[in-house]
*Asks:* 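I am attaching a structure below and will ask some questions about it afterwards.
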Amino acid sequence: MGVSLPLDPTGEPSLVDRSHPYPAAPAGAARSDIEERILGPLNDAQRRAVTTTAGPLLVLAGAGSGKTRVITHRIAWLIQHEGVAPWKILAVTFTNKAAAEMRDRLHEMIGEAARDVAMGTFHSLCARMLRRDGEAIGLPKEFAIYDADDQARVIKGFLKEDDLPATGETKPSLILGAISRAKNDGLSADQMEDRAVTHHERLIARFARRYAAELKRLDALDFDDLLLEGLRLLQEAPAVADRYRAKWEYLHVDEYQDTNRIQYSWVRELAATHGNLCVVGDDDQSIYSWRGADIRNILDFERDWPTAEVVPLEQNYRSTQTILDAAHGVVSNNQGRKKKKLWTELEGGDQITVYGAFDPEDEAAWIVRRIEEASAAVTGRRADAPAPVSLSEIAILYRTNAQSRAIEEALLRSSVPYQLIGGTRFYQRREVKDALAWLRVLRSDTDRISYERILNVPPRGIGDKTIELLRAAAAPSVSAPEGTPYGQVIAAAGRGEVAGVNTRARNSLAGIADVINRLRDRIAAVTLPELLDGVYSESGLRAHLASEGVEGEERWANLLELRGISGRFVDLAPLDALDRFVEETALVADQDAFDGDAERVTLITLHAAKGLEWPTVFISGLTEGLFPHSRSLMDQEQMEEERRLCYVGITRAKRRLSLSYALRRGWGEGDGAPSRFLAEIPEELLDVVNDDDPRAEGETRFGRGFRSARAGFAGGESWREGSGTPGAPSGSFRPGRDLEARRRAYSAGARSGSLQVPDTDGIDEAPDDDEYIGEAPELLQPVGRIPPWAATGRGDGTALPSATGTPVLPQLRPRVAAPVRVRIPGERYFRDGDRVLHATFGEGIVVTSKLTRHDEEVTIAFAGSGVKTLAASIANLEVQG
DNA sequence: CACCTAGTACTTTTT
DNA sequence: GTACTAGGTG
């Protein structure tokens, strides 16, 4: 897969002062010309933001209100009107993409001077500063930057030492998440330990301590460390800090609502002497609290900087009024936000299309069909048909990366070209990380994680046993209290100096040490692509992939791609090129790969879509449990963040917006109801198109599912269970017949006749042909061993206890004012929370159930026998009550 | 020690 | 649907 990256080695912020001056204005340009050119295209509020140059400034920039435009014009104003030298200006963004775009736009306005404005992400700026000045706070000259995968390897090492499983409570990602959160709160491992109450918290605190010590030993920093050490540099090295404060006199921070406390402090330190700090953000677009972003940074800006000017930008230039009203309808349900409402001169606009699908495949097929209709240069196009849309103008947004699969498959079937942003990221692909690990060991003797990565790729007889011996040899001991650098251990083992290493492994280790030495000798003499050629051939990667068939070819293609990207660094001195390449490949973001001009549909997560826009946007997967995500259902704060995410998604659209959901979802997730966010959009803005589906006869249940969900959410007593179809009975549904018709209609391909209607006898049959079974008994919440991703909450802040470990007898809790339950024959017969009786296992509670092609798989937590998944047709389950 | 198979345990979002 | 593990085999 070809991934192109706008890695721009020359576009990075220069930390070195330039000596040549820039004229304050182009020669001969009258002052009024400059004013006209910079301020002319702006509205009053934008002008105020641009011309307020001294002191703190908060720009509350609603979606599509010209945020980037304000920053670029402001920088142009500073340079050309105020006569500020470009290198005195810093702009911080969250992605390289945003920085690059800003630089491009600035370049259009002011030409070459744009190159000297410092721009970058928080992480890349900190990394650069630490490379240059880190020694002032005791950091090593060379350090590796560890991503999530490297971090997990460190933790897995601990788990192995302790003989703990890498699953459940000690899953590396969970441990790392906890450590990261603590770090972002400014807690040391000691403080974590002091505050730990539960056994688990103490465990995490101990991991945090070991993790910090290990990274120090490895000369490695993780993403959090980059920021933390960047801050520490400004706080503990006054001379260095003063140099940066003097260097950057005008600071700009984009997406300020996404800054965390550390980033906030970092910015405050930099702005401390002059206070020329312009932050731009929108509290409604704060969607990264899980990453430590603290919305208080924007809400409290005026308190922190009492002299701050505040400029709200409320005119939207992107979307139609319909889209804005929908977005407002959703986000206005949030409590903690600055009240505001965007407006636009683009009155009206197309209604928002809503489609309720049977399953994700159907949903994807519908989206693709609409794309084809809108874009195809169809022959025999009707004269009055709307002009075809370019594929570059279309994006499909979803909540989780996993959702892209169904859509990709549908696009592939229809041969619609697409670009996928995120997912398995290029720099995280195995072979790419292998190659980069080689580059890292060339520059480091201590980076154990990278060494271990390369040791046995391709397989050369170095397995778990040998690794264990090497680790032991590198560990601190009486003779080497600091431990021995891993690179030296490998060389020693190659010479037979590490006891217990078998002959084959020893020879391999000697070979690796030899290759590393040879490559190191070559670094200064060859270009980066040539160095990579050496790595590929001498490491055996190339030969290995050549023997691996089609998959090997694809991986090899990725290595060639990597080699190509490295060519952008040829202008730098070889050593610098190597360092910069390794550093920047560690810090690229998904979004950086986005090509806005490519004649392709863009597939992207809602998170990654922030800051981007398209004329036509599809948001898919608007299903309760998916979006809002099930992990957010139990917490008001998290629910509001989901809502903001929805707001972000809606406001990506300029002209046309389509929303869709699938009632049946993927693995283990049971069925979902239409998302509550759909119910929050004023109904007159929506065009529910299910009934127009040519394959459906008469009323389909999808439209009804949507409308009844709407009634449920909009009504006073909210229907909030995680499953089941809410709302009033319809009375028009004919079981069996409709089911078969629908299945036939919706199963792609001709699996005719192979579908069976689950047999209905005995279990909970509907009283008549209507799915309505009258008043529901008390609706019960299952409590106990629920798969975490299937857990449902109530969205009102009350969390459901989710115990893990030994299944316990579920506690049954009656609910007040139980909503009516609806059963649809042919749909699931078992609902989450159903109490069931099994001949052997006894009493249990249904945790989830899902329909397979011929049957229904019910996952039940039994009182005495644990959690089991049973086939409904075989198990003979009896529903209680 | 590497490779294969079968079984199990999971799926938020990312610099 | 996948990613990882355990356990067996070569």
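Note on naming: letters A, B, ... go to the chains in the order of the sequence lines (proteins, then strands), and numbering restarts at 1 for each one.
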*Asks:* How far, in whole Å, is dC4(C) from dT13(B) if one measures between their P atoms?
*Replies:* 15 Å
*Asks:* Counting the atoms with a prime plus P, OP1 and OP2 as sugar-phosphate, which does L606(A) contact under 4.0 Å by heavy atoms, base, sugar-phosphate, or nothing?
*Replies:* nothing
*Asks:* Would you mind checking if D222(A) and K183(A) are paired as a salt bridge, meaning a charged N to carboxylate O distance below 4.0 Å?
*Replies:* yes
*Asks:* For dT15(B), does OP1 or OP2 lie under 4.0 Å from any side-chain N or O of N260(A)?
*Replies:* no
*Asks:* Would you say the ring centroid of F94(A) lies under 6.0 angstrom from that of H123(A)?
*Replies:* no
*Asks:* May I ask you to verify if any side-chain N or O of N456(A) is less than 4.0 angstrom from the OP1 or OP2 atom of dC1(B)?
*Replies:* no
*Asks:* Taking only N and O in the side chain of T466(A), is any of them less than 4.0 Å away from OP1 or OP2 of dC1(B)?
*Replies:* yes
*Asks:* Going by an N to O cut-off under 4.0 Å, is there a salt bridge joining D149(A) and R453(A)?
*Replies:* yes
*Asks:* Would you indicate, yes or no, if dT2(C) has its OP1 or OP2 atom less than 4.0 angstrom from a side-chain nitrogen or oxygen of R405(A)?
*Replies:* yes
*Asks:* To the nearest Å, how far apart are D149(A) CG and dT14(B) P?
*Replies:* 16 Å
*Asks:* With a 6.0 Å cut-off on the ring centroids, do Y264(A) and W266(A) count as close?
*Replies:* no
*Asks:* So, does T95(A) get its side chain near the phosphate of dT15(B), meaning an N or O under 4.0 Å from OP1 or OP2?
*Replies:* no
*Asks:* Which listed nucleotide (dT15(B), dC3(B), dC1(B)) is nearest to the side chain of P459(A)?
*Replies:* dC3(B)
*Asks:* Which nucleotide, dA2(B), dT14(B), dT15(B), lies nearest any side-chain atom of R504(A)?
*Replies:* dA2(B)
*Asks:* Ring of W290(A) versus six-membered ring of dT13(B): centres under 5.5 Å and planes under 30°?
*Replies:* yes
*Asks:* DNA chain B: S173(A) or K465(A), which has the more 5' nearest nucleotide?
*Replies:* K465(A)
*Asks:* Can you tell me which nucleotide in dT15(B), dC1(B), dT13(B) comes closest to the side chain of N502(A)?
*Replies:* dC1(B)
